[in-house]
Amino acid sequence: MDEENVRKLYINGEWIKPVNGETMPVINPATGETIAEAAAATEKDTEKAIRAARTAFDQGSWRSASAHQRAALLMELAAKIEEHQEDLAQMETANNGKTLKEARGDVAEAVKTFRYYSGLATKPSGETFETEAPLVSRVVREPIGVCGQIIPWNYPLLMAAWKLAPALAAGNTCILKPSELTPLTAIRLFELIDETGFPKGVVNLINGTGPSAGHSLVTSPLVDKIAFTGGTVTGKRIMKEAVSNLKKVSLELGGKSPNIIFADADYESALDYAAFAIFNNSGQVCSAGSRLLVERSIYDRFVQDLTEAAQKIRVGNGADPASQMGPVISKQHMEKIEKYIAIGRQEGAKLACGGRRLLDQGRDRGYFIEPTIFIDVDPQATVAREEIFGPVLCVLPFETEEEALGLANDSPYGLAAGIFTSDSAKAERMAKSIRAGVTWINTYEQNLVEGPWGGYKESGLGRELGTYGFEEYTEVKQIINTLKVEPTGWFAD
Ligand code: NAD
Ligand code: MN
């Protein structure tokens, strides 16, 4: 990566310095070290990027470029990401803290996402239906226009791919705003975008804070759509602020997803997935299985085995191949998680393991928290209701299927759910009755680029991925034509 570009923004096909020349530190959460100084865009810079995207869209060369041209560029970009996958993974680990294994997985998924939408670019189809002669009607899909895309820090490169790939495939122009905590892989991605030769103004990068760069995107009358992934509080605020020009809004927000273990489940896989669902990516996953519901008859044994498994997880710098779980993203976020752990204890949840910061082996410089499990948690306790977004699990017992369903749905969120059972009829009943956008049976955290991803209730609005994610970047137009050209005669009599 060109060191100079880190201090720049990518606007209208060029790397340029922010107007006020300000930068912000980029920190490695495993060491607390500042590893770069990245550009901090303000309203003026964002305005430039919006104008570039607006002009690129309104001129029409991208929107009307043949879908095959758009597909070819996306395919070429996918190949470039794949070619640089190891560098990108290492950069992601250094900036986000996640293990190299996790980061490599993310890069591979990003490649898949660009390939999938490259394929989809040439596939949109419309609709026609029987109408009364002489009228004929057809329905076509068109790009929405200028899309502002605001993403979080937990999957920096992958979220950029989820946003850019479908939007570009559908013929929109984009302004991406990564999280101020994790700008690095996006900057590298935009170097690859620059090499790929997208027309100028079609894809732009703004690094900066939410209240500054993000806010300007949300409130601009020249932006047609905001796609956002992040916290529910921010999401609600964005929806309110986007109302000025009634821009389209899609939101991928938080969750408090139930993972339900029935006594008849395959014990070993249920146990393995229970740990994976909450401790992968240090629990910083919107769909994390953070509420574990376990049937009473296996509860004590399951909790004991899970606690043992959690205590064995090797927590350390993600760049060390021996580490199985990395730090959390920042000092501030670590303190928020610690506060939740303290609240859990105050409210009487029993700590089966963890609960502390790890300070030995040099880990005091970074933001490491032990895998933490609260058991016998009251469903009304704060830790059972609010999203913690860290390696903190709440375990609740249940007696019957009905009780499990009641507990599962007793949440303002509705992103995902896991169901572990060997009774397929029970699995189907549960999967259909849980109010969540994604339900997994005997597995967890499987994410398919081909299928819809998104939440019910306060977990969001709209869907990403698959054809659903593509449609979120299109407007529907009906074209009505007549086969008989004649005056209406309306005022003739
Ligand atoms: P956030 O919602 O504050 O930030 C997400 C993105 O929104 C960032 O790019 C940020 O700069 C931007 N943003 C912030 N305020 C904005 C504003 N007023 N206008 C426009 N853009 C704005 O999330 P966070 O601070 O990174 O994390 C807070 C919580 O969000 C976490 O604790 C977690 O609960 C949740 N979260 C959820 C996801 C997810 O995948 N659903 C991802 C990250 C964080
Ligand atoms: Mn998400």
Side-chain angles (χ1 to χ4, degrees), residues 24 26 29 38 40-43 46 95-98 106 148-160 162-163 175-183 186 205-220 223 226-244 247 249-257 280-288 290 328-340 367 369 383 385-392 412-416 437-438 445 447 453-455 457-465:
M24 50 193 181
V26 180
T42 55
E43 195 179 341
T46 311
N95 192 172
N96 166 282
K98 63 177 68 197
D106 290 3
Q149 305 180 305
I150 302 174
I151 56 173
W153 43 260
N154 57 340
Y155 291 91
L157 182 71
L158 186 55
M159 288 302 107
W162 281 24
K163 294 283 179 287
I175 302 126
L176 181 76
K177 196 206 83 65
S179 164
E180 53 272 44
L181 301 177
T182 53
L205 174 70
I206 285 290
N207 276 314
T209 66
S212 173
H215 180 79
S216 318
L217 280 178
V218 173
T219 49
S220 169
V223 173
I226 289 287
F228 170 78
T229 298
T232 294
V233 173
T234 316
K236 286 180 178 176
R237 178 174 172 170
I238 284 178
M239 193 161 164
K240 218 183 258 174
E241 291 177 346
V243 81
S244 55
K247 49 174 73 70
V249 175
S250 58
L251 305 170
E252 291 286 336
L253 310 176
K256 192 75 184 177
S257 299
N280 115 77
N281 217 41
S282 307
Q284 303 169 124
V285 184
C286 51
S287 49
S290 53
V328 299
I329 190 68
S330 66
K331 182 163 184 287
Q332 197 189 5
H333 191 54
M334 177 180 71
E335 287 166 357
K336 183 179 152 191
I337 297 167
E338 288 181 299
K339 207 176 79 197
Y340 270 116
Y367 317 122
I369 292 191
V383 286
R385 304 200 69 79
E386 295 184 12
E387 183 182 48
I388 299 174
F389 223 65
V392 182
Y413 293 111
L415 184 52
V438 187
E445 219 64 273
N447 220 304
W453 177 264
K457 302 193 269 182
E458 294 188 25
S459 288
L461 208 62
R463 292 292 177 273
E464 294 195 276
L465 301 183

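Each ligand, and each atom within it, is numbered from 1 in the order the structure gives. Bear in mind that the values here come from a model prediction, so they are computed numbers and not experimental data. The basis for the numbers below is simple: all heavy atoms, side chains too, and nothing from hydrogens, waters or symmetry mates.
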Item to check | Carboxylate-amine/guanidinium contact Glu335 Lys331, below 4.0 Å | outcome: yes
Checklist entry - Do Arg463 and Glu252 sit within salt-bridge range, that is, some charged N less than 4.0 Å from a carboxylate O? => result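 Judged by the 4.0 Å cut-off on N to carboxylate O distance, Arg463 and Glu252 do not form a salt bridge.
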From the candidates [options], the one that places a heavy atom nearest [atom]:
{"atom": "atom 18 (N) of ligand 1", "options": "Arg237, Glu180, Gln332, His215", "value": "Arg237"}
{"atom": "atom 26 (O) of ligand 1", "options": "Phe228, Tyr155, Phe389, Trp153", "value": "Trp153"}
{"atom": "atom 39 (C) of ligand 1", "options": "Cys286, Pro156, Pro211, Gly460", "value": "Cys286"}

Checklist entry - Should Thr229 and Glu464 be marked as a side chain to side chain contact (heavy atoms under 4.5 Å, CB included) after you check the CA-CA gap, both sets of side-chain angles, and the distance that decides it? => result CA-CA 10 Å; Thr229 298; Glu464 294 195 276; 3.8 Å; yes
Below 3.5 angstrom, do we get any N/O pair linking [X] and ligand 1?
{"X": "Thr234", "value": "yes"}
{"X": "Val218", "value": "no"}
{"X": "Ile238", "value": "no"}
{"X": "Thr229", "value": "no"}
{"X": "Gly208", "value": "no"}

[X], portion touching ligand 1 at heavy-atom distance under 4.0 Å:
{"X": "Pro178", "answer": "backbone"}
{"X": "Leu217", "answer": "neither"}
{"X": "Val285", "answer": "neither"}
{"X": "His333", "answer": "side chain"}

Working to the nearest 0.5 angstrom, can you tell me the gap between [X] [atom1] and [Y] [atom2]?
{"X": "Cys286", "Y": "Asn154", "atom1": "SG", "atom2": "CG", "answer": "6.5 Å"}
{"X": "Glu387", "Y": "Gln284", "atom1": "CD", "atom2": "CD", "answer": "10.5 Å"}
{"X": "Ser290", "Y": "Tyr413", "atom1": "OG", "atom2": "OH", "answer": "9.5 Å"}
{"X": "Thr46", "Y": "His215", "atom1": "OG1", "atom2": "NE2", "answer": "10.5 Å"}
{"X": "Lys177", "Y": "Ile226", "atom1": "NZ", "atom2": "CD1", "answer": "11.0 Å"}

I need the atoms of ligand 1 closer than 4.0 Å to a non-hydrogen atom of [X], numbered in the order shown.
{"X": "Glu387", "answer": "33 (C), 34 (O), 35 (C)"}
{"X": "Leu253", "answer": "41 (N)"}
{"X": "Ile150", "answer": "6 (C), 7 (O), 9 (O), 12 (C), 20 (C), 21 (N)"}
{"X": "Ser179", "answer": "9 (O)"}
{"X": "Ile151", "answer": "6 (C), 8 (C), 9 (O)"}
{"X": "Glu252", "answer": "41 (N)"}

Next on the checklist: Would Lys98 and Tyr155 count as a cation-pi pair here, with the cationic atom under 6.0 angstrom from the ring centre and within 45° of the axis?
Outcome noted: yes
Next on the checklist: Looking at ligand 1, is there an atom of it that comes within less than 4.0 Å of some heavy atom belonging to Glu241?
Outcome noted: no
Checklist entry - Does a sphere of radius 6.0 Å around CE in Met239 hold more than 12 heavy atoms from other residues, nucleotides or ligands, not counting ones at 6.0 Å or beyond? => result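 Atom CE in Met239 is not packed in, count stays at 12 or less.
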Item to check | Trp153/Phe389 under ring pair (Phe, Tyr, Trp, His ring centres under 6.0 Å): CA gap, chis, key distance, verdict | outcome: CA-CA 12 Å; Trp153 43 260; Phe389 223 65; 5.4 Å; yes
Next on the checklist: Testing Lys236, Arg385, Lys256 one by one against Glu458 for a salt bridge (charged side-chain N to carboxylate O under 4.0 Å, His left out), which residue passes?
Outcome noted: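 That would be Lys236; it is the only one of Lys236, Arg385, Lys256 passing the salt bridge (charged side-chain N to carboxylate O under 4.0 Å, His left out) with Glu458.
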